[in-house]
Protein chains: 2
Amino acid sequence: MAEGHGGTPQHGETLLFLTDEQLRKGIEAFFFAYKGFTADPDRILEARGYGRAHHRAIHFIHRSHGTTVNNLLAILGVTKQSLNRVLRTLIEDGLVESRVGTRDKRERHLYLTEDGQALEQELSAVQQARVRDAFRAAGPGAVAGFRNVLEAMMDPEMRRRYQRLTENGR
Amino acid sequence: MAEGHGGTPQHGETLLFLTDEQLRKGIEAFFFAYKGFTADPDRILEARGYGRAHHRAIHFIHRSHGTTVNNLLAILGVTKQSLNRVLRTLIEDGLVESRVGTRDKRERHLYLTEDGQALEQELSAVQQARVRDAFRAAGPGAVAGFRNVLEAMMDPEMRRRYQRLTENGR
DNA sequence: TAGCAATGTCAACAAGGCTGACATAAAATG
DNA sequence: CATTTTATGTCAGCCTTGTTGACATTGCTA
């Protein structure tokens with residue numbers, strides 16, 4: 001499967017020589033970094049009896065106020081039963097509000113309550129701080145480069161969803 | 001904690017202005033990319049009735065032939081009960097061999113069998129392909145930049161372990 | 001009106017984390 | 001040599017968060 005000695009250049013860019021060792025380091029870095037990436041929010045969530053699944057729901061509801069359940073399911077890529085379990089506790093705990101759609105009354109539109117927004121703020125503050133520090137430590141150019149690599153690593157379907165999110169903020 | 005409008009430059013590098021929006025995109029990119037990162041191995045593992053935990057064990061045993069259980073525990077950051085469950089199935093299935101230590105007979109040294117190496121190859125082939133393609137698509141400079149950001153994002157303890165791994169290959 | 005779509009819910013199951021407790025063998029230490 | 005510590009394994013039980021399958025309700029749509 002492509003022995004690391006190159007082949008032909010693609011995209012008209014300079015040929016990149018990537019050794020197995022370089023790739024392995026990248027893979028391990030990804031693994032270890034993801035732990036750090038989630039460590040701070042995890043601590044906050046744990047104190048409330050929540051997990052990462054709650055964080056993800058809160059994040060994307062904040063990101064897209066009034067999104068529907070189906071929409072959220074597509075973004076998160078889990079089953080409705082799995083999401084519903086999380087959503088139910090968040091609604092019961094008064095962090096998320098579910099309003100019946102006006103145009104289509106079958107849909108439920110999801111919003112963060114004040115408490116929900118407060119938790120979202122708390123979670124994103126620590127996570128953003130971690131990412132900000134990492135970007136600064138890595139220096140200029142890292143922001144775009146980092147995101148480009150990540151974007152290229154996504155499955156096409158997820159990339160589309162990601163790009164749709166970042167385009168219009170909705 | 002550096003208010004986002006900069007303050008004074010650090011590390012003698014150019015000041016980076018990072019908006020909340022940029023940070024949020026980075027965070028979401030990380031989330032979506034991690035899904036892609038694990039998608040290909042996950043498919044292979046599923047066919048064998050294994051999960052990500054098995055992959056991680058296999059990866060680091062391959063990476064450090066003859067490593068001890070304690071060592072592996074520290075790298076993976078899980079409990080011995082959790083690791084043991086995975087390790088037991090891998091040993092039963094003949095993918096991993098556990099040898100009593102010669103110097104210290106309490107230790108068990110872990111090795112991949114031929115079958116284990118074959119699976120490791122299969123798994124790393126698809127994962128490396130994904131990372132390689134992403135690096136190439138992102139262009140030169142991405143490799144180092146990407147790794148620098150990731151490294152800065154790790155918890156200090158994990159960063160030390162990561163660096164120790166990448167230094168001497170052991 | 002018939003059928004499809006969006007949502008919720010119940011039940012059951014699995015992976016993979018966790019804690020606590022206990023057992024064994026071997027090393028290390030006084 | 002006796003004691004303690006270390007490395008490992010194992011049993012039992014719990015939690016979160018995924019999964020599938022089945023079923024009900026409501027409301028849109030053809």
Side-chain angles (χ1 to χ4, degrees), chain A residues 31 34-35 38-39 41-61 66-93 96-111, chain B residues 31 34-35 38-39 41-61 66-93 96-111:
Chain A
F31 167 67
Y34 202 77
K35 283 189 167 247
T38 55
D42 279 355
R43 270 187 287 272
I44 294 171
L45 292 158
E46 196 196 347
R48 301 223 189 189
Y50 293 150
R52 253 176 235 179
H54 298 84
H55 186 186
R56 292 196 280 263
I58 287 171
H59 175 96
F60 284 110
I61 293 173
T67 188
T68 64
V69 172
N70 246 354
N71 226 309
L72 203 50
L73 284 175
I75 288 172
L76 295 174
V78 298
T79 59
K80 64 175 179 175
Q81 294 92 330
S82 193
L83 174 60
N84 195 258
R85 191 163 30 197
V86 164
L87 224 40
R88 203 188 314 161
T89 71
L90 290 175
I91 291 170
E92 279 170 5
D93 294 352
V96 168
E97 200 188 339
S98 167
R99 298 187 206 147
V100 172
T102 50
R103 215 184 45 212
D104 187 332
K105 289 179 187 165
R106 290 172 305 179
E107 295 179 338
R108 300 302 140 94
H109 296 268
L110 303 169
Y111 303 86
Chain B
F31 168 67
Y34 202 78
K35 282 189 168 249
T38 55
D42 280 355
R43 271 187 287 273
I44 294 171
L45 291 158
E46 196 195 348
R48 301 223 189 187
Y50 292 151
R52 252 175 236 179
H54 298 83
H55 185 185
R56 293 195 280 264
I58 287 171
H59 175 95
F60 285 109
I61 293 173
T67 189
T68 64
V69 173
N70 248 353
N71 225 311
L72 203 50
L73 284 175
I75 287 171
L76 295 174
V78 297
T79 59
K80 64 174 180 175
Q81 293 92 330
S82 193
L83 174 60
N84 196 257
R85 189 164 33 196
V86 164
L87 224 39
R88 205 188 314 162
T89 73
L90 291 175
I91 292 171
E92 279 170 4
D93 295 352
V96 168
E97 198 188 341
S98 167
R99 296 186 208 149
V100 172
T102 49
R103 215 184 45 211
D104 186 334
K105 288 177 188 167
R106 290 172 304 179
E107 294 178 337
R108 299 301 139 94
H109 296 267
L110 304 169
Y111 302 86

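Chain identifiers are assigned alphabetically (A, B, ...) following the order of the sequence lines, protein sequences preceding nucleic acid strands; residue numbering begins at 1 within each chain.
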_chain B footprint on DNA chain D, 5' to 3' - any atom under 4.0 Å from a heavy atom_ = D:dT6 to D:dC11

*Within less than 4.0 Å of OP1 or OP2 of C:dT7, is there a side-chain N or O belonging to A:N70?*
yes

_Less than 4.0 angstrom between a side-chain N/O of B:T79 and OP1 or OP2 of C:dC18, yes or no?_
yes

_Passing option when B:D42 is tested against B:R52, B:K35, B:R48 for salt bridge (charged side-chain N to carboxylate O under 4.0 Å, His left out)_ = B:R52

*From the list C:dG17, C:dG8, C:dA6, which nucleotide is the closest neighbour of the side chain of A:E107?*
C:dA6

Protein-nucleotides 21-23 of chain C N/O pairs closer than 3.5 Å?
none

*Taking atom types as they are modelled, is there a donor-acceptor pair under 3.5 Å from the base of C:dA5 to the side chain of A:R106?*
yes

*asked:* Can you tell me whether the side chain of B:R56 and the base of C:dG16 have a donor-acceptor pair closer than 3.5 Å?
replied: no

*Step-by-step side chain to side chain contact (heavy atoms under 4.5 Å, CB included) determination, B:T68 to B:D104*: CA-CA 11 Å; B:T68 64; B:D104 186 334; over 6 Å; no

What is the distance from [atom1] of [X] to [atom2] of [N], rounded to the nearest Å?
X      : N      : atom1 : atom2 : answer
B:D104 : C:dT29 : CG    : C1'   : 15 Å
A:N84  : C:dT9  : CG    : C1'   : 7 Å
B:L83  : C:dG17 : CG    : P     : 9 Å

*Checking all strands, does B:H54 fall into the base, sugar-phosphate, or nothing category for heavy-atom contacts under 4.0 angstrom?*
sugar-phosphate

*Contact class for B:R52 (heavy atom, under 4.0 Å): base, sugar-phosphate, or nothing?*
sugar-phosphate

*What residues in residues 42-51 of chain B put a non-hydrogen atom under 4.0 Å from any atom of DNA chain C?*
B:G51

